[in-house]
Amino acid sequence: DGGITQSPKYLFRKEGQNVTLSCEQNLNHDAMYWYRQDPGQGLRLIYYSQIVNDFQKGDIAEGYSVSREKKESFPLTVTSAQKNPTAFYLCASRPSKGGGGNTIYFGEGSWLTVV
Amino acid sequence: QKEVEQNSGPLSVPEGAIASLNCTYSDRGSQSFFWYRQYSGKSPELIMSIYSNGDKEDGRFTAQLNKASQYVSLLIRDSQPSDSATYLCAVNLTEGGKLIFGQGTELSVKP
């Protein structure tokens, strides 16, 4: 089936650890996004990538890192510098490099909890 | 000023009534606007997109866009309890490819 796959769905992180959330899409989309959602809040943009080997910081990039070595993959690393990482993380993709009117599609999300 | 603003609610309406959800944005050059519905613990799902001034209707949903006022709204007619969810407004900024969401409005439809 075509779509966006995020893994793991649930992840626990100890303080001081780096963790990586996986995002894979088989929709042949150019652009990919990572958002963070805190309880009762909207989605905040962490990083986005419009093309392979290129990505831009969103509004809350501090403490996170990404890579875009392949078109279908956009992993997000939550580093130990991110002091409050407990949240719901959503990966998304859309066909167009420039965005425009293309619809954005979401994965099912990953829940990260600091223990 | 936030790039995309919504009233957080909660907005409560009786079953069968019209629910009106509002969103304002700061980037005057924005061209694409989206409404998403999100159930608790789930990822957002697209309800409607709108690109031109005026109204766009799809079933019980109507999106309204006024670029001069930098305002976009969503009307839900004949509201049903299953419409109870958080509604997210999203705006594609003129900074290419950057899609920003509002904080969402929680809607509760009472039977």
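These figures come from a predicted structure and were not determined experimentally. A, B, ... follow the sequence lines: proteins, then strands. Residue 1 opens every chain.
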ILVMFWY cluster, Trp34(A) and Phe34(B) together (side-chain gap under 4.5 Å) = no

Is there a path from Tyr35(A) to Phe55(A) through hydrophobic residues (I, L, V, M, F, W, Y) whose side chains come within less than 4.5 Å of each other?
-> no

Given that the side chain runs from C-beta out, which part of Leu90(A) has a heavy atom under 4.5 Å from chain B: side chain, backbone, both or neither?
-> side chain

Check whether any side-chain heavy atom of Gln38(B) lies under 4.5 Å from a side-chain heavy atom of Gln37(A), and answer yes or no.
-> yes

What pair of heavy atoms forms the shortest contact from Lys42(B) to Phe88(A), and how long is it?
-> O-CE2, 3.8 Å

Between CZ on residue Phe106(A) and CG on residue Leu46(B), distance to nearest 0.5 Å | 9.5 Å

Would you mind checking which part of Tyr36(B) comes under 4.5 Å of any heavy atom in chain A, side chain (CB onward), backbone (N, CA, C, O), both or neither?
-> side chain

Give a yes or no on this: more than 12 heavy atoms of other residues, nucleotides or ligands lie within 6.0 Å of atom CD of Glu108(A).
-> no

CD of Gln80(B): more than 12 outside heavy atoms within 6.0 angstrom?
-> yes

Tell me, yes or no, whether the heavy-atom count around Lys9(A) atom NZ, taken from other residues, nucleotides or ligands under 6.0 Å, exceeds 12.
-> yes

Can you hop from Leu75(B) to Trp35(B) via hydrophobic side chains spaced under 4.5 Å?
-> no

Greatest number of heavy atom pairs closer than 4.5 Å to chain A - which of Gly104(B), Gly41(B), Cys89(B) | Gly41(B)

So OG of Ser43(B) and CG of Leu43(A): to nearest 0.5 Å the spacing works out to 9.5 Å

Test side chain to side chain contact (heavy atoms under 4.5 Å, CB included) applied to Leu99(B) and Leu45(A), step by step | CA-CA 8 Å; Leu99(B) 186 68; Leu45(A) 183 63; over 6 Å; no

